[in-house]
Amino acid sequence: MPESLPLLSPDTLRSWKGMSYTKVVVEVASLFIPPQLIPRDDLEVLVGEALSGFCVPEVVRIARLKGGLSILELFHGDTLAFKDLAMTCTVRFLNYFLQKREPQGTSGDTGGSAIQSAKGLPGLDVVVVYPRGRITPVQEKHMISCLKDNVHVFAADGSSDNIDQPLRRLFADQELVKSHGLMSLNSVNWSRVMIQLAHFIYAYLELSGVKQDDVGAALPELEVVVPTGGAGNIAVLRGKASPQQPVTNQAVL
Ligand SMILES: *Cc1c(COP(=O)(O)O)cnc(C)c1O
Ligand SMILES: *[C@@H]1O[C@H](CO)[C@@H](O)[C@H](O)[C@H]1NC(C)=O
């Protein structure tokens, strides 16, 4: 988790108008990742590589419907889950930081996306624990049919919340975490939320009618509807962020 939340000024936001999705991801990530941690050039390479495997060149695509309604298509990654967007980046960051670690995945779409993103990367072992009988057959087959040596998939009884508990105990043991280089790739990983902020900002830039040269003007509003289960993917900014209240679970810019 970041210790403080960066503020994005309206003029900076405006200056991003017209950027590609990949460029927006780099800008958003660099609000949180200081260059001492990942230098800007490296960040561009990592994000560029992470987002290069999507099946449309623009990575995410906007479908314009009637009546000013648009759909932001987040499903052009390998596993069709929107999670591919953040997972591919997070796994690249992981690989960048460390040689040896064992991240944990989670239920449903997350495990598959984690496996897909990590299976080609050396020095990374992925351990996925999924709730038996509580994910779809496609999700299950996707995970258990991956025969890479660095992918280890386990079924467990109980809900994903039940499964979280022993995992949480593992992660509470700092000694164990250090000695095994354990990392978590599931929704507790801030890096995923951070990258997922970029969807909203990109959609805002493309669809709100914000103009680059309206310097000093009020920002137009955009209404965003997010189909979601756990709502873990909608940590977002507010138009008038205040240091006390910059992140909410409301998808509003
Ligand atoms: C998808 C997602 C969840 C829900 O995770 P599942 O493993 O699919 O249940 C929670 N938080 C975030 C940030 C997510 O992206
Ligand atoms: C989240 O992922 C990053 C890599 O992007 C990693 O450095 C970090 O340790 C992970 N966080 C947790 C809690 O495992």
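Note that ligands are numbered from 1 as they come in the structure, with each ligand's atoms numbered from 1 the same way.
At a heavy-atom distance under 4.0 Å, atoms from both the backbone and the side chain of Ser184 approach ligand 2.
Using a 4.0 Å cut-off between charged side-chain N and carboxylate O, Arg61 and Glu206 make no salt bridge.
When each of Leu31, Val28, Val24 is checked for a side-chain contact (heavy atoms from CB on, under 4.5 Å) with Leu197, only Val28 meets the rule. Of the candidates Val128, Val127, Ile144, Phe154 forms a side-chain contact (heavy atoms from CB on, under 4.5 Å) with just one, namely Val127.
Heavy-atom proximity to Phe93, at under 4.0 Å, picks out these atoms of ligand 2: 4 (C), 5 (O). Interface of Phe97 with ligand 2, defined as ligand atoms under 4.0 Å from a residue heavy atom, comprises 7 (O). Listed by number with element, the atoms of ligand 2 under 4.0 angstrom from any heavy atom of Ser191 are 5 (O).
When Ile195, Asn189, Leu182, Ile33 are checked for heavy-atom proximity to atom 1 (C) of ligand 2, Asn189 turns out nearest. Heavy-atom proximity to atom 6 (C) of ligand 2, evaluated over Leu94, Thr90, Ile38, is greatest for Leu94.
Among residues two or more places apart in sequence or in another chain, the side chain to side chain contact (heavy atoms under 4.5 Å, CB included) test is passed with Pro2 by Leu5, Phe32, Trp190.
With contacts defined as side-chain heavy-atom distances shorter than 4.5 Å, the pair Phe93/Val47 qualifies.
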